[in-house]
Amino acid sequence: PISETISFEDFAKVDLRIVTIIHAEAVEKADKLLRLELDLGGETRQVFAGIKSAYDPSGLIGKQTVMVANLAPRKMRFGMSEGMVLAAGPGGEDLYILSPDEGAKAGMRVK
């Protein structure tokens, strides 16, 4: 079901940015996590994403996606996650990271 309605002001607080994946690796002893290094247009962020079942890390390098850039950092067992990559799907092998159209540059804000 669709989540509860939010105001435009609440939505405007979410800072979505285009990023380029510059490094990706499986997280040892984690069933679902990949550690991603993301180029945010002059700044690099580390994000742990639960997409291991759907993606080979080497195939992600150089791809662009969308991240929540202003999500509070979260200390995890494997390190600090500094945002969230957006993906759709029910889970398992059926996960799909969002990809911008050609021409989008790392750091651009999604509006």
Side-chain angles (χ1 to χ4, degrees):
I2 303 282
S3 295
E4 183 180 327
T5 300
I6 62 171
S7 70
F8 180 81
E9 291 77 19
D10 287 338
F11 175 74
K13 293 177 185 177
V14 180
D15 190 347
L16 301 175
R17 299 287 175 140
I18 303 298
V19 292
T20 303
I21 301 170
I22 56 175
H23 181 78
E25 65 184 9
V27 176
E28 192 175 325
K29 297 182 183 177
D31 295 335
K32 298 179 181 180
L33 295 179
L34 294 182
R35 187 181 76 80
L36 307 176
E37 286 182 39
L38 307 173
D39 175 8
L40 188 58
E43 179 184 342
T44 302
R45 299 267 186 99
Q46 173 177 264
V47 170
F48 291 94
I51 59 173
K52 186 176 183 178
S53 59
Y55 289 95
D56 175 3
S58 64
L60 290 172
I61 298 170
K63 285 178 103 40
Q64 286 190 315
T65 190
V66 179
M67 79 170 293
V68 179
N70 64 334
L71 188 64
R74 181 176 173 204
K75 179 139 177 60
M76 301 179 75
R77 185 172 64 167
F78 307 103
M80 189 68 72
S81 189
E82 303 169 304
M84 180 181 288
V85 171
L86 300 185
E93 292 180 7
D94 294 325
L95 282 172
Y96 310 94
I97 60 170
L98 301 186
S99 298
D101 278 347
E102 198 172 314
K105 305 277 187 239
M108 285 182 167
R109 186 161 189 169
V110 177
K111 301 178 181 183

- prompt: When hydrophobic residues are tied together by side-chain contacts of less than 4.5 Å, even through go-betweens, does Leu34 share a cluster with Leu40?
  reply: yes
CZ on Arg45 to CG on Asp39, rounded to 0.5 Å: 11.5 Å
query: For the residue pair Phe78 and Ala30, what are the closest heavy atoms and their distance?
result: CZ-CB, 3.6 Å
field: Among Arg35, Met76, Arg77, the one residue meeting side-chain contact (heavy atoms from CB on, under 4.5 Å) with Val27
entry: Arg35
Joint cluster assignment, Val14 & Leu98, ILVMFWY side-chain distance < 4.5 Å: yes
message: Within this structure, what is the OG-CD distance for the pair Ser99 and Gln64, rounded to the nearest 0.5 Å?
response: 8.5 Å
Inter-residue atom distance Glu43.CD - Leu38.CG, 0.5 Å rounding: 10.5 Å
statement: For Gly62 and Thr20 the tightest heavy-atom approach is O-CG2, 3.9 Å
query: Do Leu60 and Leu33 share a hydrophobic cluster (ILVMFWY, side-chain heavy atoms under 4.5 Å, transitive)?
result: no
field: Test item: Arg17 side-chain N/O and Gly107 main-chain N/O as donor-acceptor pair under 3.5 Å
entry: yes
message: Taking NZ in Lys52 as the centre, count heavy atoms belonging to other residues, nucleotides or ligands within less than 6.0 Å. Is the count above 12?
response: yes
- prompt: Val68 and Val110: same hydrophobic cluster, using ILVMFWY side-chain contacts below 4.5 Å?
  reply: yes
Rounded distance [0.5 Å steps], OH in Tyr55 versus CD in Glu93: 12.0 Å
query: What do the steps show when you test Ile51 against Val85 for side-chain contact (heavy atoms from CB on, under 4.5 Å), and what is the final call?
result: CA-CA 10 Å; Ile51 59 173; Val85 171; 5.6 Å; no
query: Ile18 and Val66: side-chain contact (heavy atoms from CB on, under 4.5 Å), yes or no, with the steps?
result: CA-CA 5 Å; Ile18 303 298; Val66 179; 4.1 Å; yes
- prompt: Linking I/L/V/M/F/W/Y whenever their side-chain heavy atoms sit closer than 4.5 Å, directly or via other members, would Met108 and Leu71 fall into one cluster?
  reply: yes
- request: Working to the nearest 0.5 Å, report the span between CG of Leu36 and CD of Glu25.
  value: 9.5 Å
task: Would you mind reporting whether Val19 and Val47 have side-chain heavy atoms less than 4.5 Å apart?
output: no
- prompt: So, does Gln46 use its side chain to make a donor-acceptor pair with the main chain of Met80 at under 3.5 Å?
  reply: yes
- prompt: Within a strict 4.5 Å, meaning less than it, do heavy atoms of the Ile97 and Ile21 side chains meet?
  reply: yes
message: Donor-acceptor check, side chain of Asn70 to backbone of Asp15, threshold 3.5 angstrom: yes or no?
response: yes
- prompt: Under a 4.5 Å cut-off applied to non-hydrogen side-chain atoms, are Thr65 and Leu86 in contact?
  reply: no
message: Looking at every heavy atom in both Ala26 and Pro57, which two are closest together, and how far apart are they?
response: N-CG, 3.9 Å
